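Okay, structure first, notes after.
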Amino acid sequence: MSIFEQLESNVRSYSRSFPAVFQRARGSVIFDTSGKEYIDFFSGAGTLNYGHNDERMKRRLIEYLESDGIVHALDASTTAKQEFLTRFRDIILQPRGMDYKVQFCGPTGTNAVEAALKLARKVTKRTGMFAFSGSYHGMSLGSIAVTSGRSVRASAGVPMAHTTFIPYPTGPRGAFDSLSYMRHLLEDSHSGVDVPAAVILETVQMDGGIYIAPAEWLRELRALCDQHGILLICDDIQAGCGRTGQFFSFERAGIKPDLITLSKSISGYGLPMALLLIRRELDQWKPGEHTGTFRGLQLSFVAASESLEYWRTGAFETSLRNKEQLLRGLLGDALPGLAGAELRGIGMAFGIDMAQAGGYERARRIQQRAFQNGLIMEQCGREDTVLKVMAPLTTPEEQLVRGCQLLVDAIRHA
Ligand SMILES: Cc1ncc(COP(=O)(O)O)c(C=O)c1O
């Protein structure tokens, strides 16, 4: 029995999907202890948008450590944070006309979601939330309350309240007119539902199975929130940092949410970091009102500052558009072997939905076969029927082609 089986809690999950002991990684390739090579179509669930061990970020980190740069400072001001904030303002916020304050949260995504929910309630003095069927926002209690999956909700062990779930405009049951439904709930004084503090959404449901909210729908949602004084929280933890083709996932709709959560790829290097962006007028926190010991691992700031350089010019976005087209073609070519399967995707987030093509069992067989072939990918969506294709954004085209070949081979033989 391995040390993992002997000692690590039963709660472990990815080690079951990817049964190997990993040792090294570079760019979009991971190596296990036997030296076997895997192409990464997983990206650490959205954390490695710039691949593994990016050379420039690694250099900066090594230099920082060698200079005895401060590693832990709670939320004190440091040169590493100063540089990150400056670049984030100059490269990301200002060019997009975004006037937001930055709150550094505890190190994982769910901390940023908790901060967003708490701040929305504080500012509006309301308790309720609107969230969407198919959503995933994290595993702490506030985040679970706005997460739709029954098994996740059951894991809380206490009643999950104060959330009204609205069907997403697109999903496994087809299109739904969620705007009319929300209008009805908000405008009928006898709807039985109070006006919420906020609507929390992913503009692309990632763990939910790669469902994409239409741009026009997002604009109308923004207008509806404005009309009723409801805050709009965009959870960009997985869809942000370029995954959908632009830095923020909502840019394609030309909207500005009131609160934006970022984590996963914001540090660039796979180091823990989570942010809440707050529309300036809404920054009504009192000093220390929401704290935490790890609000700013300095190494994360160092890598994050370097990662933002990818966005200084438009070249990276252009490369993402080209890779989106390439992937759409390559994955589309795989579909004829999969009667009933559906391909959905935007940017470099793609899903092959197997619900009508053999369901979970077939999806699992393909995922496992792909792993044996040397391709790492995960399953998502209801009952895990969707094969999720999420290569690092920096993956060279020839590796995208190679990874898709491994996937096609797995489809043929599973
Ligand atoms: C959209 C979204 N929100 C929140 C989270 C929670 O982030 P974390 O697992 O870092 O707490 C995730 C994680 O997958 C996510 O995809």
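Just so you know, ligand 1 is whichever comes first in the structure, and atom 1 is the first atom listed for that ligand. Predicted model, so just to flag it, every value in this text is computed and none were measured.
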Kindly list each side-chain donor-acceptor pair under 3.5 angstrom involving residues 325-332, sequence neighbours excluded, with atom names and distances?
from, atom 1, to, atom 2, distance (Å)
R328, NH2, E324, OE2, 2.7
R328, NH2, G345, O, 3.1

Inset, instruction - Indicate whether any N or O donor in one side chain lies under 3.5 Å from an N or O acceptor in the other, for N373 and Y38. - result: no
Inset, instruction - Tell me, please, which residues at least two apart from E216 pass salt bridge (Lys or Arg N to Asp or Glu O under 4.0 Å). - result: R219
Name each N or O atom in ligand 1 that is under 3.5 Å from a protein N or O, and give the partner atom and the distance.
from, atom 1, to, atom 2, distance (Å)
ligand 1, 3 (N), D235, OD1, 3.3
ligand 1, 3 (N), D235, OD2, 2.6
ligand 1, 10 (O), G109, N, 2.8
ligand 1, 11 (O), T108, OG1, 3.4
ligand 1, 11 (O), G109, N, 3.4
ligand 1, 11 (O), T110, N, 2.9
ligand 1, 14 (O), K264, NZ, 2.9
ligand 1, 16 (O), Q238, NE2, 2.7

Legend entry - Lys/Arg cation over aromatic Y310: R56, 6.0 Å, 45° cone: yes
Legend entry - Geometric cation-pi criterion, R24 with F31: 6.0 Å, 45°: yes
Inset, instruction - Could you list all the ring pair (Phe, Tyr, Trp, His ring centres under 6.0 Å) pairs where at least one residue sits in residues 116-153, not counting sequence neighbours? - result: F132-Y168, F132-W217
